[in-house]
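Before any comments, here is the structure.
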Amino acid sequence: MSILFSPDSEQIWQRKWNEAKLFESNLNGDKPKFYCLEMYPYPSGKMHMGHVRNYSIGDAVARYKRMMGFDVLYPMGFDSFGMPAENAAIKENAHPHEITERNMASITDQIKRMGFSYDWKRQVKSHDPRYYRWNQWFFTKFMEMGLATQQFAPVNWCSQCETVLANEQVKAGRCWRCNGPVSQEEMNQWFLDIPSYAQELVDGLDTIDFPENVKALQRDWIGRSEGAEITFAIEGREEEIKVFTTRPDTLFGTTFVTLAPEHPLAGSLVKGTPQEEAWQHLYDEVSAMSEFDRIKNMNKKRGVPLGVHAIHPLTGERIPIWAGNFVIASYGTGAVMAVPGHDERDFDFAKSYDIPIRRVLVMKEGADADAELKRAESDFGWMVNSPIEGFDGLYGDEAKSAVINALTAKNAGSQTINWKIRPWLVSRQRYWGTPIPVIHCGSCGAVPVPEADLPVELPRDVTFGEGNPLETSASFLAADCPTCGEEGRRETDTMDTFVDSSWYFLRFTDPLNDELCFDSAKANQWMNVDFYCGGIEHAQMHLIYARFWTKALRDLGLHDIDEPFNELLCQGMVNMAAPWCESCGLTFTVDLAGAPCPQCNAVLGERSAKMSKSTGNTVSPEDMIEQYGADTVRLFILFAANPTAGMDWSDTALEANYKVMMQLYSMPERMQSWDGPAGPMDVWFEGRLKQRVEEFQSAMDVYDLRRAVELSHYELVKDVNWYTRRGGNNAEIASKILRHWAHMLSISTPHIAEEWWAVLGMDGLISGAEMPQLDPISPAEQTALDGETTTRSFLENARKIKDVAERHLDGPATSATIIVAPTWKRELAVTALEFLEQGGNPKQFIGVLSKMEIAQGERKGEIMGFWGKKMLPQVFKWDDESRILIRSTLDEVESLRLRSSFIAEELGLSTVHVVLGESEDDDTGRAGGAMPLSPSVVYA
RNA sequence: GCAGGGGUGGCUGAGGUGGUCAAAGGCGCCGGGCUUAAGAUCCGGUCCCGUACGGGUUCGUGGGUUCGUAUCCCACCCCCUGCACCA
């Protein structure tokens, strides 16, 4: 009975899995749990190859863990709030809700067609009030904790998206979503205080298994820097200037203080003075610039003196105050103490404005303290020229603490840690998100909506395209103050959709609960996520927000988990060739293939580029599944590259994998039609199976899916071929092999595995079955494995030599004598191996050798030479397996004699003799080249 | 500039705790078996030289350590990713 692939048959199995509720997760307590998760997808209407790759990886892991006896939680849901749906709604004159539901239905069908083993009963979707009511509930709790606050502050505004953005969402000064320009606007906005968790977010990285680059990205983004906050008094004024510095040891070199032009003090200091105009000019220029342009222009350092002086906190010296375009208002305190002698940026500035440069450090101990500074010397150094006793000569951390101590004593500064990460700006002026549950009251201010009134649902009576849609809904806006009952106005901002993905993994542990966000016992049992798979692009946004949110919910007492994700795997990109101009270094859209470069007219070549709609180098998963089936697509995608590496889509490689699948489809029929008796190769095959299962498991345990698939779909086929080639023909062994093999197939190509399972007459579905344990490899099996391995390597060698030999013989060889290395060589090898194993130096072995019995007598010189020239290099070349073999009882002569007819057949010879070198049987005189495990051959 | 990751045979891509490495697997190419034939499958080959199992040259470049290095150390070049006048 041959099994043929048909797309329908795959769907039949999917229905059966569904009916059997195989993938519904229930903790039953006696099995270990495993939580496997892929990053919450946005429901675009179509599944793309990136999805296919992501889910093929996750599904293989989930299926493997299930097969190994874990209780697996493997859910799927949709991050269904967000601007694409809203923008599409505006374009199509439809409603985001309908568009989202439509897209979700369509992508769900496509995902299901791949046969992934999700527990669909747990599906979560962000735009469901049953879900987002908890966003609102958390928000009100955060308000109580003081974690969520409303502030009037300069924020990033994207005019194309008509909304504000968090800092993380501004990439190179442009909007992460639409790449439009981002400007600074002062607005009243909601913030979540991530910096209060910054230290924990940094420390937590040491406890989880994230790739190094992701950890580096996060550390970078969180941006911890240790230093001091120093207060400068202002001459003749009440106000003070606070600066942050990482180099308090250079405090005595401060020759000016610079404020960001937007610093509130800057304006007030110059008000009504002759400097006001110049400052205003700088302010206008800087604030009108997009951040992108501003950063670009920062290398042209410019500033204006404010005509006011600060007082050095330790020396009392008068120091001019400047406003400078290179100081960023939102980092640190928005003010810096400028030390031109030891800071490059300050040096540049001082040079162009002729401000004194003072040396207060020398880079070599005892160096000339008055040497001129030709450039900023910004490394650590020894303090010099300190106007106060007790500092000169101090270095690095010691110097820093001395200055900080002096400042602390004068109440003019303290040691602080500054974070680059800033509060998460969560309000958005868009419709398709979670309404922020706040009512603004004239007398009570911003009042959280009481729990009983949640969820605050999105109204339908809104108009799109005229600013914030929620402001157009009269019914939504009207709300009485929950505290005093006065007429209030509802908050019209919605939450950043990254809120939705910040805790969905917790909701999955208890998704249908309408009383609680989740039951804490369930969350504690399932969490954290053991294996989390998704794209690297979320390294700083989602993966920081989710870690923060998890900790915040923990502090609300909702669960006990510190980190949401244990092991993170970032899958590589799916690439495909696209037109590319070598000289311009540009990639073009596929419609330009074959055309000349639009920039330079050169002939366009090809280069692999990320599959993307805009380039047009895409392949539709739907078409591929239709043509080749889900199993083939999955096999290709897992086999083409390691999960973390980029992979190139290749139609020919896909075809090749399809052939493999076809071959595997016919495998049960082929193997079950064997009709021979039990034979010596059966022992080998059983041992081989055990080896393969073991290799497969160790590959899967470290998520080396490529290797696992190689074993299950390629190596075992080769093993079958070897078995039959060596005369194996026993149907009984076939069934045993196939049963275990089916399990290995099932993690990546589950549909064919079910076909096999059925053909083998097994009960139930393999997707719900655990893989049975195999006994350890027996001594007999090991001997068989060794025998075949050595025979195989012998054949490889003998074939090579045969060519050369036949040129010698002037005709085809008809017989061969195999000369096994004489026993003294093996003895030598064994002794040398033992010597080295005990830590002996190879150079010293010659001393041991000269005392050995085999090295006495007239052959001594020959044998000593043999050691140095032949045996010494060889001793190191043997792998562990060979070393064991050499020291085992393996009888090489016997082992080869057993297989001599096979060897003869393989080499096309009529007779093959096996002799022990230098024995009476050996009349060849050619034992010289033979080595243990590597006999010589003489053809005749 | 700083941080992280890389540079391997015609292509792709493993390995990288020094000896199992002339270097897995896949693709491509060549030869053989099967077949009326093609395809598929199976077997073998695929750095160079060599009339007998040997020699030579290779893992970005140049040095070094070692009995031995693709693998370790140093310097340099190039590519990717992120951050970036961050105080």
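Each chain gets a letter, A, B and so on, in the order the sequences are listed, and its residues count up from 1.
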Check the distance between G82(B)'s P and K215(A)'s NZ and give it to me in whole angstrom. 21 Å
Closest to side chain of R725(A), choosing from G44(B), A87(B), C53(B): G44(B)
Can you tell me how far P of C43(B) sits from NZ of K800(A), to the nearest Å? 18 Å
Nucleotide paired to C83(B) in any strand shown, Watson-Crick or G-U, under 3.5 Å: G1(B)
In whole angstrom, give me the gap between the C1' atoms of U71(B) and A3(B). 25 Å
What is the distance from CE of M667(A) to P of C42(B), rounded to the nearest Å? 8 Å
Work out how far the P atom of G56(B) is from that of C42(B), and round it to whole angstrom. 38 Å
With hydrogens left out and only the distance checked, is there a donor-acceptor pair under 3.5 Å joining R247(A)'s side chain and the base of A87(B)? no
Check whether the side chain of S936(A) and the base of C53(B) form a donor-acceptor pair under 3.5 Å. yes
Applying ring pair (Phe, Tyr, Trp, His ring centres under 6.0 Å) to F902(A) and W722(A), what does each step give before you reach the verdict? CA-CA 12 Å; F902(A) 171 68; W722(A) 182 256; 5.8 Å; yes
Are the aromatic rings of Y723(A) and W674(A) close, with centres under 6.0 Å apart? yes
Considering only side-chain heavy atoms of R799(A), which listed nucleotide, G44(B), A3(B), A87(B), is closest? G44(B)
Among G82(B), G25(B), A87(B), which nucleotide has an atom closest to any side-chain atom of L217(A)? G82(B)
Would you kindly give the NE2-to-P distance between H263(A) and A87(B), to the nearest whole Å? 17 Å
Could you measure between the two C1' atoms, the one in G5(B) and the one in U65(B), and give it in whole Å? 26 Å
May I ask you to evaluate whether Y331(A) reaches the phosphate of A87(B), defined as a side-chain N or O under 4.0 Å from OP1 or OP2? yes
Can a side chain N or O of N721(A) be found less than 4.0 Å away from OP1 or OP2 on C42(B)? yes
Given ring pair (Phe, Tyr, Trp, His ring centres under 6.0 Å), test Y628(A) with F636(A) step by step and report yes or no. CA-CA 11 Å; Y628(A) 298 103; F636(A) 164 65; 9.7 Å; no
Mind checking whether R707(A) and M700(A) have side chains closer than 4.5 Å, heavy atoms only? no
For the C1' atoms, the ones on C73(B) and on U66(B), what distance do you get once it is rounded to whole angstrom? 12 Å
Given G82(B), C43(B), G45(B), the nucleotide with the shortest approach to the side chain of E796(A): G45(B)
Classify the nucleic acid contact of Q663(A) as base, sugar-phosphate or nothing, counting any heavy atom under 4.0 Å across all strands shown. sugar-phosphate
With C1' as the reference atom in both, quote the distance from A24(B) to U12(B) in angstrom, rounded to an integer. 13 Å
Please find the pair of heavy atoms, one from D346(A) and one from A338(A), that lie closest to each other, and give the distance. OD2-CA, 3.2 Å
Quick one: label K659(A) by what it contacts on the DNA or RNA (base, sugar-phosphate, nothing), any heavy atom closer than 4.0 Å. sugar-phosphate
Applying a 4.0 Å non-hydrogen cut-off, can you work out what R219(A) is touching in the nucleic acid: base, sugar-phosphate, or nothing? nothing
Using both distances under 3.5 Å as the test, list the Watson-Crick or G-U wobble partner of C21(B), or none. none
Is Q540(A) touching bases, backbone alone, or none of the nucleic acid, heavy atoms closer than 4.0 Å? sugar-phosphate
In whole Å, measure the gap between the P atoms of C43(B) and G33(B) for me. 15 Å
Whichever of I536(A) and Q874(A) has the more 5' nearest nucleotide on RNA chain B, that residue is Q874(A)
In whole angstroms, how far is the P atom of U81(B) from the CD atom of E212(A)? 20 Å
Please measure how far the C1' atom in G44(B) lies from the corresponding atom in G82(B), and state the result in whole Å. 49 Å
What does Y939(A) touch in the nucleic acid at a heavy-atom separation under 4.0 angstrom: a base, only the sugar-phosphate, or nothing? base
Assign each of N642(A) and N213(A) the nucleotide of RNA chain B bearing its closest heavy atom; nearer the 5' end lies the nucleotide of N213(A)
Quickly work out the D220(A) CG to A84(B) P distance and round it to whole Å. 8 Å
Base, sugar-phosphate, or nothing: which does V243(A) touch, judged by heavy atoms less than 4.0 Å apart? nothing
Taking the cut-offs as 6.0 angstrom to the six-membered ring centre and 45 degrees off its axis, would you call R706(A) and F639(A) a cation-pi pair? yes
Can you check the R706(A) CZ to G25(B) P distance for me, whole Å? 11 Å
Rounded interatomic separation in angstrom, taking CD1 from I241(A) and C1' from A87(B): 14 Å
Establish, yes or no, whether a centroid distance under 6.0 Å links the rings of Y353(A) and F256(A). no
Just checking E344(A): does its CD atom have more than 12 heavy atoms from other residues, nucleotides or ligands closer to it than 6.0 angstrom? no
Suppose we define a pair by two distances each less than 3.5 Å, Watson-Crick or G-U wobble; what does G28(B) pair with here? U46(B)
Between C79(B) and C86(B), how far apart are the two C1' atoms, rounded to whole Å? 28 Å
Both distances under 3.5 Å, Watson-Crick or G-U wobble: report the partner of U57(B), or none. none
Pairing partner (Watson-Crick or G-U wobble, both distances under 3.5 angstrom) of U71(B): none
